[in-house]
Structure formats: structure tokens, C-alpha cells
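For the single chain, residues carry numbers from 1 onward in sequence order. First listed ligand is number 1; within each ligand, the first listed atom is number 1.
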Amino acid sequence: MDYAGRISKLASKLDDEGILAALITAPENIHYLTGAPFVRGSAGKLLLVWKEGHATLILTELDYEEAKDSVAGGLELIKTNLFERPLERLRSILPSSSKVGYEEGAMSAAMNDRIGANYVLVPLGGAIEKMREIKDKEEISMIEKAQSINDQAFEKALANFREGMTELEIAAELEYMIRRYGGEAYAFETIVASGPRGVYPHGMPSNRRPSGGESVVIDFGAKYGGYCSDMTRTVFFGEPKPELRKMYEAVRDAQEAAIEEVSIGVTGKELDDVARRVIGDHGYGKYFVHGLGHGVGIDIHEAPTVSASNPNPLSPGNVITIEPGVYVPGVGGVRIEDLLVVTEGGRRNLTKFSREIVVV
Ligand code: ZN
Ligand code: ZN
């Protein structure tokens, strides 16, 4: 990964605005800029990116060895002991009263108070998150690998699905296979929602046993190299009833129509409109209750969003999901989700698993 390039890009922005250094605390942003693993302890890590183009990571001895083995060369590492918080060390490194950039979303009010007393705080305005929207080749290859783990895991798990299994057992099969095929972690808590529970778009798996042609919405993701994948398939436990089949066709048609339109310059809103129109034509307009998709990267949900709230055109290197869904109370839910890269030529679908109806 081009960590040095990312650091120098941020540094030149700081230089332009007369900011001495940016103080980064969001673990996702620290990972993006340095390759450091995510914070697991409570003490946290602090990254300073200096306007001259170098960076300093302050961390406790608890995290030091792991970080030392993970971060890119050229990064200065400062180790504090268990009794000295990285924040306290900051004062001896950063001259007081200097202009310091900070992430609006990441800093707690308490931390803001403590730092604000010594420095002039300047919001970074989502500068790092904006950089993260455009993935480079290496990032795309990590996401592609994370998605290929999903495809393989789903195929293998599906072969073990049987009527009589609980939603929890379905999730367990899938999660075992994700690890088995190289997933380092789950990108988020696996969703398995069957029968009437299918109307919960974020339904956590329960002890319910789907049967009798019910739909089962399965939404899951793997992490690879710190990057997420995201995929949903809806399968049927038994031959689906005509209503569920109609819902499935509406969602599949909407997803295919929206995927066809993914290209440079199309906006998130325009894609959402395409899917919404198709689902409306099938008579299910009021049952499509969420946006069409979202960006995926180090975070499972990041910019750009693919919904009515995004009037901005897509760019090459954006990685997005296309995931229309229909949720009819008393009947069930259907959602199908693929992961795509926006390319010069339009799009590349990283999800290989078929979207034909699967009956367990
Ligand atoms: Zn998903
Ligand atoms: Zn998603």
C-alpha cells in the first residue's frame, strides 16, 4: 500500500491551510495512513501527520510490537508505558498554541476539551474519508479477495443448508466457511432473517427454523487485509410461494437494471431511482424501505452512499454495493446484494455467485 503517498497528500493539504499537524484518532484512518492494526485495547493510538510530510504514531507498549511489525517504513513510532496515555505525551511533542487539524467525527467531547485547551483546533472536513472513497489497485485487490472468500464460503455453506436448521446454525455454517477460506474477521455481524422475520433488514439470526418455502435473507461479509466485503443472497427453504417468487423477480430485475447503469458520472441518486422505478413497476414500491447501496472499504459503510441523498457523480475507484430489497409484513423479505468497482469502462462486478432462485 502507498502509505507514504497518502501521508504526503494529507500533509500538503495541511501545509496549504497553515496547520502544523493533523491529530488522527479514528482507527480506520490510522490504518489507512500507516497500516497499523486496529485498536483493541482502551488506551488508543494517536497519529500525527506533520505538514512537512512525515508522521508520528504514539502508542502504549501494549500495542507497540504489533504495530512495529505492521506499519510502513519511515513512520516514527513513540512508545509510552502503561501509565502514560498517548494523549499526555502529545504535549511534549506538539508546541502549545499551534494549529492542529482534527477529525470532527472521531474526537470525543472530553478529548476535544483537553486538547482544545492547549491548541487551536481546526476541523479536517472529512479530508481522509474523501481520500478513502477512491480505492487504488492494491485496495481493490484486497476487497476483491474478501469478496471471493464470500463467494466460496456461500457456495460451501449452501451445500450444508438443510430444512430443520435454525437461523443461528445457518449463520454458523457460513461464518465457519468464511474463516476456512481465509477471512481474517467478519466485516459485520451476519444477518439471517427467515419467514416473517425477513422484514427486519438487519435481523440478527435467531433459533427460528425456516421451512415451507419461506425466504431466508442472508447478508454477510469477510475482511481481508483490513478491507471488507459485503454480499446478500435470499434463498428459499422449500419451493417458494407465488408471492415470494414475484418479490424475488422484482428485486432481481431492479438489481440488474441498476448494475447496468453503474458508470463514471452517474450519481448515487440516479442509481437509486433506477432500482426504485423497477420495483415500483412490479407493484412493490412502498416495500423498498432503504437506500440502494453504500461504499465499502476499511469500513463496511463508507462514502459514497448510493441513495437519494447523494447527488454527486461516481468516480473510478469507488467500490459500492447494489442491494435493493422488498419487505412485505406477514410475507417475508427478499434482498440481493453485489459488490462493484466503478471503472473507466463502467463497472466490474466482484460478486460472482449467481442471482438465480436457490431452493434448499
Ligand atoms: Zn450486506
Ligand atoms: Zn451492504
Side-chain angles (χ1 to χ4, degrees), residues 28 132-133 135 140 142-155 157-158 167 170-171 173-175 177-178 183 185-194 197-205 215-224 227-235 248 251-252 254-256 258-259 262 268-269 271-272 274-276 279 288-310 314 318-327 332-342 347-355 358:
E28 295 82 2
R132 284 170 47 193
E133 279 187 40
K135 275 76 182 174
I140 290 168
M142 293 298 157
I143 296 170
E144 189 162 18
K145 171 70 181 169
Q147 179 50 39
S148 90
I149 292 168
N150 275 357
D151 281 321
Q152 291 175 79
F154 191 69
E155 192 185 331
L158 188 60
E167 293 171 346
I170 292 167
E173 283 290 337
L174 194 51
E175 289 173 354
M177 293 300 178
I178 287 174
Y186 308 116
F188 54 93
E189 290 285 341
T190 304
I191 292 166
V192 180
S194 70
R197 293 188 79 252
V199 298
Y200 312 156
H202 296 135
M204 289 291 113
S215 68
V216 185
V217 178
I218 307 172
D219 189 347
F220 58 100
K223 272 196 172 194
Y224 188 81
Y227 284 79
C228 298
S229 59
D230 193 3
M231 166 179 182
T232 306
R233 285 296 181 267
T234 299
V235 302
Y248 193 92
V251 170
R252 189 181 56 197
Q255 201 216 20
E256 286 174 351
I259 287 173
V262 173
K269 179 183 185 325
L271 290 176
D272 187 273
V274 168
R276 219 161 281 281
I279 288 177
F288 178 19
V289 294
H290 53 69
L292 181 62
H294 53 88
V296 172
I298 296 171
D299 260 326
I300 184 62
H301 290 132
E302 58 181 52
T305 180
V306 185
S307 72
S309 69
N310 184 5
L314 295 176
N318 287 155
V319 173
I320 56 167
T321 69
I322 298 290
E323 51 179 308
V326 163
Y327 312 89
V334 172
R335 179 165 71 253
I336 309 173
E337 176 180 30
D338 284 6
L339 190 59
L340 295 96
V341 191
V342 181
R347 77 213 72 89
R348 195 153 62 84
N349 195 337
L350 303 180
T351 308
K352 306 297 176 204
F353 199 89
S354 144
R355 56 177 86 91
V358 172

If only atom types and distance count, is the side chain of Arg197 paired as donor or acceptor with the main-chain N or O of Gly332 below 3.5 Å? no
Is the side chain of Asn318 donor-acceptor paired with the backbone N or O of Val342 at a distance under 3.5 Å, no angle test? no
For a distance under 2.8 Å, give residue and atom name for each protein N, O or S atom next to the Zn ion (ligand 1). Asp219 OD1, Asp219 OD2, Asp230 OD1, Glu337 OE1
Give, for atom CZ of Phe353 and atom OG of Ser148, the distance between the pair rounded to the nearest 0.5 Å. 14.0 Å
Below 2.8 Å, can you find an N, O or S atom of His301 next to the Zn ion (ligand 2)? no
Residues at least two apart in sequence or cross-chain that pass ring pair (Phe, Tyr, Trp, His ring centres under 6.0 Å) with His301, listed by chain then number, are His294
Would you mind telling me which of Asn150, Ile300, Thr351 makes a side-chain contact (heavy atoms from CB on, under 4.5 Å) with Asp230? Ile300
Quick check on the 6.0 Å ring-centre criterion: do Phe288 and His290 meet it? yes
